[in-house]
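Scroll down for the structure; my scribbles are underneath it.
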Amino acid sequence: MTPEQTMEPIAVETLLQRVQKMHEDGYRLVQIHATTLPDKLEITYSFDLDLRLASLRLHLPLEEPRLPSVSTIYGCAVLYENEMHDLFRVQVDGMTLDFKGNLYKTAVKFPFGSTKAPGVTCAAIAPAPTPKPAAGAAPVK
Amino acid sequence: MFGLKQSPWVIHYDASSCNGCDIETLACLTPGFDVERLGVLNTGDPKHADIFLVTGAANEQSHAVIRNIYDQMPEPKVVVAIGACACTGGIFRECYNISGGVDTVIPVDVFVPGCAARPEAIIDGVVQALAALMDRRKAMKALGKNVDQVLYSRAESADAARILSLQKTAHQQEGTIYGEEHVPGLVQTLPALEVELTQRVFIKATVNGRLVGVARGYAQDRTGFISDVIVHPYFHRCGVGRRLLEELEKALPDMNRFEASIGDKCVESAAWLQRQGYELYKTDSWRPAIARVYFQKERK
Amino acid sequence: MARTIIPFGPQHPVLPEPVHLDLVVEDEKVVEARPSIGFIHRGLEKLAEKKDYVEFVYVAERICGICSFIHGQSYCQAIETIMNVTVPPRALYLRTVWGELSRIHSHLLWLGLLADAMGFESLFMHSWRVRERVLNIIEATTGGRVIFGSCKIGGVRRDIDPAMITHIQSEMKTIEKEMREITTVFMNDRSVKSRLCGVGVLTKQEAYELGCVGPMLRASGVAQDMRKLGYAAYKDIPVEPITRTEGDSYARCAVRSEELFQSVDIIRQALERIPDGEIAVKVTGNPNGETIMRTEQPRGEVAYCVKATGSKNLQRFRVRTPTFANLPAMLKVLQGCDLADVPVLVLTIDPCISCTER
């Protein structure tokens, strides 16, 4: 009974074109999400038309991932894109509503972001071992 | 403060819970449990509330909100942490955005366990909070009576906002009698008070860093004019006002006499001034329909 | 005219949960609403790295305390799909019963909160009084009131015995009768109508474009309900989406009111046709694969994106909750509304902020 889910790999360059096609075909945007893989970042766009779920998938490098915004096509995409920026450090260009990293204020910046990205120390991924000061040692400032 | 125990007002805030404890807290107020029949009222205004019910663990963004609500609640106040998350962080303890239980942000008096906490447990928590509330009230009174623990010092311009808030509380009775627009203490603005702070002598009384009373006055032609002595209602009849007046008189040296004036309908204040050695010497009409009585005291 | 920004929330008398809106108003009209969320963001998706996939059912149930069961169910279904587990039919039926009970309790909760936002206190109390009856059934069958913990990968944890089935059936009759009385007021009362009719209109086109789900979408005339996917017992018990065409707050209220009785009907059919047999199968090994599982929650479609690589911890767990999808629509209907209508409009999307921010 469950209609088949489709997953189609695409390239970043063709993203806007493909999403535009989806929009013209009458698809509803279901969700956008990112996953950190060991060597790359995986972005999935899911669309729905009459209970059929069609997904587009693309890959980004872990270092300085960049993505064009689809919010001019699907207005509701801004929340997903801001979320991707705040949690995964994905730079999304041209969002119609940019929270500038303030959608979620997190204790750890970009908690899902890659540890390999420059300038990111992610305590949630690799907690830094707390050095135990030796007895009588002066407190480290 | 009998009413405090009979009808505690509660305020609820969801720090970052899953909703389970929130809807159970609300369920306490609705048929089935209905704590309203016992006088417990849910209010949305922190300044109305005696008991702060917090659900959920504290996250990065809710810290400031929890603290803000807590600071705005009048003393005495108690905090009830509802549910496993509010107590310890619960299942979300290891999440990157959770700093732990609510006690990492504000002091908590009663911990209600459960995931989700059952309404019966929440009601039990509120009952325990009542006992804590009464204890705190007693402790506050005791602290007020023991004048050595109240710190008297000159007020500074940094105190302006707190003094304004205190005078709005303390002049409520006069506001009811004369109408708010006729009570200078109630219509004064913050900039006006800041100017006044530079021109007059202000003595403040603080308990644990919290402002509980202020006396202000100024000197003119060897007469010390006492403009105002206010004490937070919780610290009435504890000797704070008397001590404030004494300190103010000391701060205005070289005066032959002191003068104070109040509205003719403020009988309690008149009686208080007389107990401090002031004598009635004249009455006049300050504003249409408002008579003012003047008290004076010679310096011994 | 000068514009003023009025902050709304996070702590607000009408909201049980914190959400913050900056309302830009001209006189009494809201021109724009700017949301800021994150007051309940816990980051539980990241917990998938610390808790194994079996334990994670408990975390999924605690995404939200209102639709807790369906969250657990959706997560279990996602893992079962990846691992090719065939769940015994009795368990599927039990999940359906508990899921629909959750839906009734959630909709009654929402109706009550809506009445509270309108200032109709007695209606609020009556809605929650009936809701207590539903919670009593849930408590009798699972042991919990709002978070049940009765769903597990491979089936369910508890069975319902025939005596309890009879009890639920008779109790449903009472609940249905009492819900009929309440919804009659919601649908016909003059003061309710004056607050809801024509307020916050969302056209069919707008609702679809903005990515609305659930009752929000159905109230604007789009017949979409994930239960038509035929998961759990919905393959045997067909569900016809309830729709309205007006797209205003009244229509959203009407859709949810009617869904109450649809759920009663589903529970009744499920209890009549419940097959005998096992309630769970043993699940061994670790999941390896990926799926997007969609189910219908009281607030609409939820999408669970689960990716596993054969270890006991999931590589990625992501949930797109219905309120997250409905937020753009809320901002849309707030534009141009009266300031005094803001609480009602915020509530008409049935916001579940705990879900949204995870």
Side-chain angles (χ1 to χ4, degrees), chain B residues 11-34 36 42-46 48-49 52 54-66 68-69 72 83-85 89-99 114-120, chain C residues 9-20 36-47 49-51 55 58-59 61-68 71 105-106 109 112-113 116 121 124-133 135-136 139 144-147 149 352-355 357-358:
Chain B
I11 184 167
H12 163 243
Y13 183 70
D14 170 357
S16 68
S17 85
C18 73
N19 253 341
C21 297
D22 305 299
I23 55 176
E24 290 295 58
T25 308
L26 262 183
C28 291
L29 300 161
T30 54
F33 299 96
D34 193 13
E36 271 189 20
N42 187 21
T43 170
D45 188 339
H48 293 176
F52 188 13
V54 202
T55 52
N59 87 348
E60 189 64 14
Q61 215 165 334
S62 66
H63 280 189
V65 186
I66 300 172
N68 194 3
I69 296 174
Q72 287 185 65
C85 300
I91 195 166
F92 304 119
R93 195 173 60 249
E94 293 170 295
C95 288
Y96 58 82
N97 214 27
I98 295 292
S99 67
C115 181
R118 296 183 57 88
E120 292 91 338
Chain C
Q11 189 264 329
H12 189 275
V14 82
L15 299 171
E17 294 179 276
V19 64
H20 178 87
S36 79
I37 62 174
F39 290 97
I40 328 189
H41 178 67
R42 292 152 281 180
L44 60 82
E45 288 178 358
K46 192 89 182 164
L47 270 188
E49 291 170 10
K50 295 190 177 148
K51 302 208 185 278
E55 268 182 318
Y58 305 119
V59 180
E61 289 200 322
R62 282 158 182 79
I63 291 172
C64 168
I66 304 177
C67 21
S68 160
H71 270 298
H105 112 67
S106 171
L109 176 132
L113 290 179
D116 186 41
E121 280 295 310
F124 165 47
M125 293 293 174
H126 278 295
S127 306
W128 280 57
R129 176 178 58 79
V130 182
R131 179 176 165 271
E132 284 294 325
R133 285 186 178 277
L135 291 186
N136 285 345
E139 190 177 356
R145 276 168 53 90
V146 289
I147 290 175
C352 178
I353 309 300
S354 300
C355 277
E357 302 180 3
R358 311 172 303 280

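Here is the naming used below: chain letters follow the sequence lines, and residue numbers restart at 1 for every chain.
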**Report entry** For chain B, the option from Arg145(C), Glu61(C), Glu132(C) that forms the most heavy-atom pairs under 4.5 Å
**Finding:** Arg145(C)

Requested in this report: Determine the option with the most heavy-atom pairs under 4.5 angstrom with chain B, choosing from Arg129(C), Arg62(C), Arg133(C).
Outcome: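 Counting heavy-atom pairs under 4.5 Å, the top option is Arg62(C).
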
Residue [X] versus chain C: region with a heavy atom under 4.5 Å:
X         : value
Ile69(B)  : side chain
Glu24(B)  : side chain
Ala57(B)  : neither
Cys115(B) : both

Measure [X] against the heavy atoms of chain B and call it side chain, backbone, both or neither at under 4.5 Å.
X         : answer
Phe124(C) : side chain
Leu44(C)  : both
His105(C) : side chain
Glu139(C) : side chain

Please determine, among [options], the option with the most heavy-atom pairs under 4.5 Å with chain C.
options                       : value
Gly20(B), Pro119(B), Pro31(B) : Pro31(B)
Val65(B), Ile91(B), Leu29(B)  : Ile91(B)
Ile98(B), Thr55(B), Ile23(B)  : Ile23(B)

Requested in this report: Check whether any side-chain heavy atom of Thr30(B) sits under 4.5 Å from a side-chain heavy atom of Met125(C), and report yes or no.
Outcome: yes

For a quick test of reading the model, state the closest non-hydrogen atom pair linking [X] to [Y] and the distance between them.
X         : Y         : result
Asn19(B)  : Cys64(C)  : ND2-SG, 4.0 Å
Ile66(B)  : Ala15(B)  : CD1-CB, 3.7 Å
Val146(C) : Arg131(C) : CG1-NH2, 4.2 Å

Mind checking the [atom1]-[atom2] spacing from [X] to [Y]? Nearest 0.5 Å is all I need.
X        : Y         : atom1 : atom2 : value
Leu26(B) : Trp128(C) : CG    : CH2   : 4.5 Å
Glu49(C) : Tyr96(B)  : CD    : OH    : 10.0 Å
Asp14(B) : Cys85(B)  : CG    : SG    : 10.0 Å
Ser62(B) : Ile40(C)  : OG    : CD1   : 8.5 Å

Query - Side-chain H-bond candidate by donor/acceptor type, His12(B) with Asp22(B), under 3.5 Å - result: yes

